[in-house]
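Here's the structure we're looking at; comments come further down.
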2 protein chains.
Amino acid sequence: MLDVRRLRLLRDLSRLGTIAAVAQAHTYTASAVSQQLSALEREAGRPLLERAGRGVTLTPAGRTLAGHADNVLAALEEATAALAATAAGLSGPVRIGAYPTAVRTLLPAALVALGRDHPALELLVSEMDPVAVPAALHERRLDVGLLHDYDVVPVRPDPALDGVPLLDETVYLAVPADLPASGVGDLPDVPWIVGSPGTLCHTVAVQVCRTAGFGPRVRHHADDFATVLALVGAGQGVALVPELAADRPPAGVRLVPLPTRRRTRIAYRRGAAGHPAVAAFVTALRDAAAGRGRPGGPAPARGVSAGRRRGR
Amino acid sequence: MLDVRRLRLLRDLSRLGTIAAVAQAHTYTASAVSQQLSALEREAGRPLLERAGRGVTLTPAGRTLAGHADNVLAALEEATAALAATAAGLSGPVRIGAYPTAVRTLLPAALVALGRDHPALELLVSEMDPVAVPAALHERRLDVGLLHDYDVVPVRPDPALDGVPLLDETVYLAVPADLPASGVGDLPDVPWIVGSPGTLCHTVAVQVCRTAGFGPRVRHHADDFATVLALVGAGQGVALVPELAADRPPAGVRLVPLPTRRRTRIAYRRGAAGHPAVAAFVTALRDAAAGRGRPGGPAPARGVSAGRRRGR
DNA sequence: GCATTGCGTAAGCTGCGCTGATGCTCGACG
DNA sequence: CGTCGAGCATCAGCGCAGCTTACGCAATGC
């Protein structure tokens, strides 16, 4: 019988690409990971990875097995969810990762409602950029997290994660009120205020400008949208601001709706949809988001719409 | 993350009932199993079993977890099946468990066909009573096996096993030619020839007589149907004989068809339907059985009709 | 050219998980 | 009612799986 811990390493290798990265994610040494993967190859009876330059690549058999490892881990996740569902009430820690704007706007109401209905729940919120959420979910530092899905930045869905839509927002171009502009293309030489390099906001801003035919002239880096809007109001440049953060723009800022949309999803490890605490959080947050933006879709029956996907 | 080896122990405990039996099935000591199950309880964070008299019983949480353990193990089985499917041709051992009559009648043709089409396959047949097949599949001493499903002997389906129908046979009452009888009820005081105690044949014969209103007067025990028919021909008594074994009854034997039917299934561990060697065996055996008895049902697309069942 | 990154192997150590021994409780049986 | 055996839990002890550290090698970047 294949060892599940080793399958998990293989799965993470297929996600992260290098043995060193897998080792870091598991707080192991690279040597340990290498040894365990060798042992997995012995169990499998055929090579699963091969050296490619400095690193390694998965063989077709390795990719197949990594895909099925997701199914096994999802089944394990379902088992723990079912186990938690046998408890009398909801209790224990729920680690939540969300981007700052959501923490400010959506989460408070949801946390209040959850704390009222399930006082034994221990709700732990971590502000973090959406790009960091998948890794944190994989490494079990989070139980649920908020992800963004911009149509301008294609993300291939992670087969180990699952989720439900939360928001579908308009993205605005925030410009100083005296600046005439009806779209991104009108402002090829204007200074931009974008997120810190590496954040999703940064990537999106650059990508939106690229598709408009220019690279943005970046003047300021700021991740908090209140700050961003203040800078725009001060005539320091233009910026992209999602609907959720553009609630009450300061004086001197004009918001131009763009065709680009920002979709937010609540994500969790595949198989965790049936976990009562996760399900409770999902409904609470969707309730809190009702009315804000467009609802992202119908509320799913608990743990049903999130069916287990099959391996390749 | 729950330990899968421990989940397997829990699953086997729910199947076998006692820790001692689980230990025997795994060739462990009872002490080891007890310790591992305690560790699983620590992982689960709640009691999974409780002492009941001399033995133990699963708590509701334990039963839930045992049910999901089946899903996890099935996903693992699918992974190994997918891994085997990446190999170039079919090879390796296939351990087959079948009842004697099938070994004599159905298997030879299937083995010849498989050996011809896949010479690298190592086909290992073990004659065994159907009642022993589920345990042998669980303990990985077999890869596929033949099961019986008499309508008079209810068997609850094993959630860890899967399978496809193979045969649907008439069961005959074999009587000496000079004995007038049109059914079991006509012969309350006649001596019977039945299988050895503990075999399914024995159970079925006793049960058929019970429903006819009497306990059979057992004179002989014989498991080979050729022997049984010879004894009947010698006027030693009557017996139940399935269609497959009643091909050419010896002189002096009359076969009275009964309403009872015997259904044969090809069984394997859940998740193994996609294993290429298992799938090849299934098709080969169904081909060999075509025409014999009634076909048990439509041939399923490989590994599809045998979908994964969900936990409770 | 050298430094860096990534992987594999060898050696050593630690703790998990097994066995064996012991004691307990419960049920069967005379 | 006392005895025996079955079944389970706990403890001590030990071996090995699996980790870390150290080292060597190949490929890449400057």
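Residue numbers start from 1 in every chain, and the chains themselves are labelled A, B, ... in the order their sequence lines are given, proteins ahead of strands. Predicted model, so just to flag it, every value in this text is computed and none were measured.
Computed from coordinates, the B/I19 CD1 to C/dC26 P distance equals 16 Å when rounded to whole Å. The nearest whole Å value for the distance from the CG atom in A/L9 to the P atom in D/dA17 is 17 Å. The interatomic distance linking A/L37 (CG) with D/dC19 (P) rounds to 11 Å, in whole Å. Rounded to a whole Å, the CD atom of A/Q24 is 13 Å from the P atom of D/dT20. Distance, A/E41 CD to C/dT9 P: 10 Å, rounded to whole Å. Taking atom CG of B/D3 as the reference point, atom C1' of C/dC18 lies 14 Å away to the nearest angstrom. Rounded to a whole Å, the CG atom of A/L40 is 17 Å from the C1' atom of C/dG8. We find that CG of A/L49 is positioned 16 Å from P of C/dG6, with the value rounded to whole Å.
Listed pair B/R5 / D/dA17 fails the phosphate criterion, with no side-chain N or O lying under 4.0 Å from OP1 or OP2. Considering only side-chain N and O atoms, B/S34 lies nowhere under 4.0 angstrom from the phosphate OP1 or OP2 of D/dC8. Close to D/dT20, at under 4.0 Å from its OP1 or OP2, lies a side-chain N or O of A/T29.
Taking 3.5 Å as the limit, the base of C/dG8 and the side chain of A/S31 contain no donor-acceptor pair of atoms between them.
Positionally, the nearest nucleotide of DNA chain D for A/A30 lies more toward the 5' end than for the other of A/A30 and A/G53.
If you check C/dT4, D/dA9, C/dG27 against the side chain of A/R54, the one that comes closest is C/dT4. Residue A/R51 places its side chain closer to C/dC7 than to any other of D/dT20, C/dT19, C/dC7. Relative to the side chain of B/R6, the nucleotides C/dT9, D/dT20, C/dG17 differ in distance, and C/dG17 lies closest. Across D/dT10, D/dA22, C/dC18, the shortest atom-to-atom separation from the side chain of B/Y28 is found for C/dC18. Here the side chain of B/A32 is nearest to one of C/dC18, C/dA10, C/dG8, namely C/dC18. With D/dC8, D/dA27, C/dC18 as the choices, the nucleotide that has an atom nearest any side-chain atom of B/Q36 turns out to be C/dC18. The side chain of A/Q35 approaches C/dA10 more closely than any other nucleotide in the set C/dA10, C/dG8, D/dT10.
With a 4.5 Å cut-off on side-chain heavy atoms, B/L83 and A/L48 count as touching.
Panel note: side chain B/R42, backbone B/G45; no donor-acceptor pair is recorded below 3.5 Å. Here the side chain of A/D3 pairs no donor or acceptor atom with the backbone of A/L40 at under 3.5 angstrom. The closest donor-acceptor contact from the side chain of A/E127 to the backbone of A/P100 lies at 3.5 Å or more, if one exists at all.
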Apply side chain to side chain contact (heavy atoms under 4.5 Å, CB included) to B/N71 and B/H68, showing your working.
CA-CA 5 Å; B/N71 293 346; B/H68 279 80; 4.0 Å; yes
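Backbone-only contact: B/T18 has heavy atoms under 4.0 Å from sugar-phosphate atoms and none from a base. Counting any heavy atom pair closer than 4.0 Å across all strands shown, B/V33 reaches no nucleic acid atom.
A salt bridge links B/R11 with B/D70; the closest basic N to acidic carboxylate O contact falls under 4.0 Å.
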